[in-house]
Engineer: 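A single structure is presented below for examination.
Basis for what follows: all heavy atoms, side chains included, without hydrogens, waters or symmetry-related copies.
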Amino acid sequence: VDADVAWSATTGAGRKVAIIDTGIYYSHPDLVGNVNKGPTYVKGTKSSNDDNSHGTHVSGTVAAVNNTIGVIGAAWTTKLWGVKSLDRNGSGSYSSIISGINWSASNGMHQINMSLGGTFDSQALKDACNNAVAKGVFIAAAAGNSGDTTPNYPGAYSSVVCVSATDSNNNLAGFSTRGPQVDLAAPGVGVTSTVPTSGYATWDGTSMATPHVTGCAALVWAANPAFKNSDVRNRLQSKAIDLGAPGVDDQYGYGLVNAFNALTP
């Protein structure tokens with residue numbers, strides 16, 4: 001996504017991103033300094049510390065620290081808040097996700113990353129996303145891993161940037177959900193990132209693609225602080241690298257997200 005080529009212009013400073021997920025493992029040495037504790041909405045838990053690994057992996061792709069170890073996040077000076085809406089098994093209710101969205105919109109978050117979703121359409125979930133976006137929040141969410149055209153919510157809502165997954169050859173991953181709801185594509189095969197307690201793992205999924213878009217959005221917004229969330233979205237979409245059928249299509253949306261291109265008007 002050419003994030004590293006964009007770092008001479010911006011590294012994402014000043015952006016606040018909510019990771020609505022299984023939480024974040026806050027003491028991971030490659031995340032310390034960029035992570036902050038948000039709330040938990042999972043019954044039986046007392047903190048938003050990650051007890052699964054998924055949220056920590058997502059977090060590293062957005063903002064792992066630029067140091068001498070491990071990986072570097074796309075926007076490595078952006079600050080993250082862990083909002084725990086999924087349990088130790090990676091499952092959760094729409095109500096817990098809605099609570100996370102509402103908290104993010106009310107607590108100064110510029111962006112929300114939701115590497116999650118379900119196939120059931122919910123008016124309450126849609127309303128929460130719409131309300132957050134109306135308050136100025138940029139939301140990116142996973143297209144889903146069904147390999148077919150089954151919509152995944154909240155990614156399929158028009159207010160949300162829906163992200164499909166590509167492999168290292170810029171082909172759509174076989175597992176990636178496709179359809180008119182897809183807005184952007186990003187790397188989602190063989191993505192290495194942070195996992196508890198101080199390790200790294202290589203995973204596949206639209207969950208891994210989504211934080212690439214979140215990181216690129218943070219770079220664009222940090223470089224253009226006067227932008228609205230809609231401006232960030234429009235810039236990412238208009239500057240994406242067109243893949244597949246010419247123009248917008250059901251596999252890649254507007255195309256592969258590219259941070260460097262998006263910094264150019």
Engineer: Taking all non-hydrogen atoms of both residues, which atom of A64 and which atom of L31 are closest, and how far apart?
Structural biologist: CA-CD2, 4.0 Å
Engineer: Strictly distance-based, threshold 3.5 Å: is any side-chain N or O of S238 a donor or acceptor partner for the main-chain N or O of N234?
Structural biologist: yes
Engineer: Can a donor-acceptor pair be found, under 3.5 Å and without considering hydrogens, that links the side chain of R178 to the backbone of D250?
Structural biologist: no
Engineer: Should the ring pair Y200 and H28 be called parallel, tilted or perpendicular, given that the plane angle runs from 0 to 90° and is split at 30 and 60?
Structural biologist: perpendicular
Engineer: How far apart are the closest heavy atoms of N152 and A142, and which atoms are they?
Structural biologist: ND2-O, 3.5 Å
Engineer: Just by modelled atom types, is the S96 backbone N or O under 3.5 Å from a matching donor or acceptor in the S85 side chain?
Structural biologist: yes
Engineer: Would T206 and S176 count as having a side-chain donor-acceptor pair, cut-off 3.5 Å?
Structural biologist: no
Engineer: Would you say the side chain of Q237 lies within less than 4.5 Å of the side chain of L184, judging by non-hydrogen atoms?
Structural biologist: yes
Engineer: Can you list everything that forms a side-chain hydrogen bond (donor to acceptor under 3.5 Å, both in side chains) with S146? Sequence neighbours excluded, please.
Structural biologist: D148, T177
Engineer: Yes or no on side chain to side chain contact (heavy atoms under 4.5 Å, CB included) for I101 and C129, after CA distance, side-chain angles and deciding distance?
Structural biologist: CA-CA 7 Å; I101 296 168; C129 292; 3.9 Å; yes
Engineer: Any non-hydrogen side-chain atom of D50 less than 4.5 Å from a side-chain atom of D21?
Structural biologist: no
Engineer: In terms of hydrophobic clustering (I, L, V, M, F, W, Y; side-chain heavy atoms under 4.5 Å; direct or indirect links), are V35 and V195 co-clustered?
Structural biologist: yes
Engineer: Walk me through it: do V42 and L86 pass the test side chain to side chain contact (heavy atoms under 4.5 Å, CB included)?
Structural biologist: CA-CA 7 Å; V42 176; L86 304 181; 5.6 Å; no
Engineer: Mind listing the closest non-hydrogen atom pair of V182 and A143 along with its distance?
Structural biologist: CG2-CB, 4.4 Å
Engineer: Hey, could you give me the CD1/CD1 distance between I72 and I69, rounded to the nearest 0.5 Å?
Structural biologist: 10.5 Å
Engineer: Do the non-hydrogen side-chain atoms of M114 and P154 ever get within less than 4.5 Å of each other?
Structural biologist: yes
Engineer: Does some side-chain heavy atom of V1 sit less than 4.5 Å from a side-chain heavy atom of F260?
Structural biologist: no
Engineer: Going by atom types alone, do Y25 and S59 pair a side-chain donor with an acceptor below 3.5 Å?
Structural biologist: no
Engineer: May I ask you to decide if V133's main-chain N or O and N229's side chain share a donor-acceptor pair within less than 3.5 Å?
Structural biologist: yes
Engineer: Applying side-chain hydrogen bond (donor to acceptor under 3.5 Å, both in side chains), can you list everything that pairs with D4, at least two apart in sequence or on another chain?
Structural biologist: none
Engineer: Between the main-chain N or O of T61 and the side-chain N or O of S193, is there a donor-acceptor pair closer than 3.5 Å?
Structural biologist: yes
Engineer: Check whether any side-chain N or O of K239 sits under 3.5 Å from a backbone N or O of T264 as a donor-acceptor pair, and report yes or no.
Structural biologist: yes
Engineer: Just to verify, what does Y157 make a ring-ring contact (aromatic ring centres under 6.0 Å, His included) with, not counting sequence neighbours?
Structural biologist: Y153
Engineer: To the nearest 0.5 angstrom, please state how far the CG atom of N34 sits from the CG atom of L80.
Structural biologist: 6.5 Å
Engineer: To the nearest 0.5 angstrom, please state how far the CG atom of D242 sits from the CG atom of L256.
Structural biologist: 10.5 Å
Engineer: Taking A13's backbone N and O only, do any of them form a donor-acceptor pair with K79's side chain (distance below 3.5 Å, no angle check)?
Structural biologist: no
Engineer: Could you walk me through whether T166 and N171 pass side chain to side chain contact (heavy atoms under 4.5 Å, CB included), step by step?
Structural biologist: CA-CA 5 Å; T166 57; N171 294 316; over 6 Å; no
Engineer: Decide whether V189 and Y252 are clustered together by the hydrophobic rule: side chain heavy atoms of Ile, Leu, Val, Met, Phe, Trp, Tyr closer than 4.5 Å, transitively.
Structural biologist: no
Engineer: Do I112 and L116 sit in one hydrophobic cluster, given that two such residues count as connected whenever their side-chain heavy atoms are within less than 4.5 Å of each other, even indirectly?
Structural biologist: yes
Engineer: How many angstroms lie between atom CG of N36 and atom OG of S48, to the nearest 0.5 angstrom?
Structural biologist: 9.5 Å
Engineer: Working to the nearest 0.5 angstrom, can you tell me the gap between Y254 OH and D183 CG?
Structural biologist: 7.0 Å
Engineer: Are the side chain of W103 and the backbone of G38 linked by a donor-acceptor contact shorter than 3.5 Å?
Structural biologist: no
Engineer: What pair of heavy atoms forms the shortest contact from A132 to I139, and how long is it?
Structural biologist: CB-CD1, 4.0 Å
Engineer: Output side-chain donor-acceptor pairs under 3.5 Å for residues 213-228, partner residues at least two apart or in another chain, one line each.
Structural biologist:
from	atom 1	to	atom 2	distance (Å)
T214	OG1	N113	OD1	2.6
T214	OG1	T210	O	3.4
W221	NE1	F227	O	2.8
N224	ND2	V220	O	2.9

Engineer: State, to 0.1 Å, how close I19 and V62 come at their nearest heavy-atom pair, and which atoms those are.
Structural biologist: CD1-CG2, 4.3 Å
Engineer: Does any N or O in the side chain of N52 come within less than 3.5 Å of the main-chain N or O of R88, such that one atom is a donor and the other an acceptor?
Structural biologist: yes
Engineer: Of all heavy-atom pairs between S8 and V5, which one has the smallest distance, and what is that distance?
Structural biologist: OG-O, 3.7 Å
Engineer: Atom CD1 of I20 and atom CH2 of W81: how far apart are they, to the nearest 0.5 Å?
Structural biologist: 14.0 Å
Engineer: Considering residues at least two apart in sequence or located in another chain, which fulfil the ring-ring contact (aromatic ring centres under 6.0 Å, His included) criterion with H212?
Structural biologist: none
Engineer: Is it true that I241 and L172 fall in one hydrophobic cluster, defined by side-chain heavy atoms closer than 4.5 Å?
Structural biologist: yes
Engineer: What I'd like to find out is whether the side chain of Q181 reaches to under 4.5 Å of the side chain of V160, using heavy atoms alone.
Structural biologist: no
Engineer: Stepwise, does the side chain to side chain contact (heavy atoms under 4.5 Å, CB included) test hold for I97 with L125?
Structural biologist: CA-CA 8 Å; I97 295 168; L125 182 61; 4.0 Å; yes
Engineer: Going by atom types only, do T192 and T202 share a side-chain donor-acceptor pair under 3.5 Å?
Structural biologist: yes
Engineer: Does D30 have any salt bridge (Lys or Arg N to Asp or Glu O under 4.0 Å) partners at least two apart in sequence or in another chain, and if so, which?
Structural biologist: none
Engineer: Just by modelled atom types, is the T22 backbone N or O under 3.5 Å from a matching donor or acceptor in the K84 side chain?
Structural biologist: yes
Engineer: Is the closest side-chain heavy-atom distance between K16 and Q111 below 4.5 Å?
Structural biologist: no
Engineer: With a 4.5 Å cut-off on side-chain heavy atoms, are P211 and S115 touching?
Structural biologist: yes
Engineer: Within the structure provided, determine whether H57 and M208 are in side-chain contact (heavy-atom separation under 4.5 Å).
Structural biologist: yes
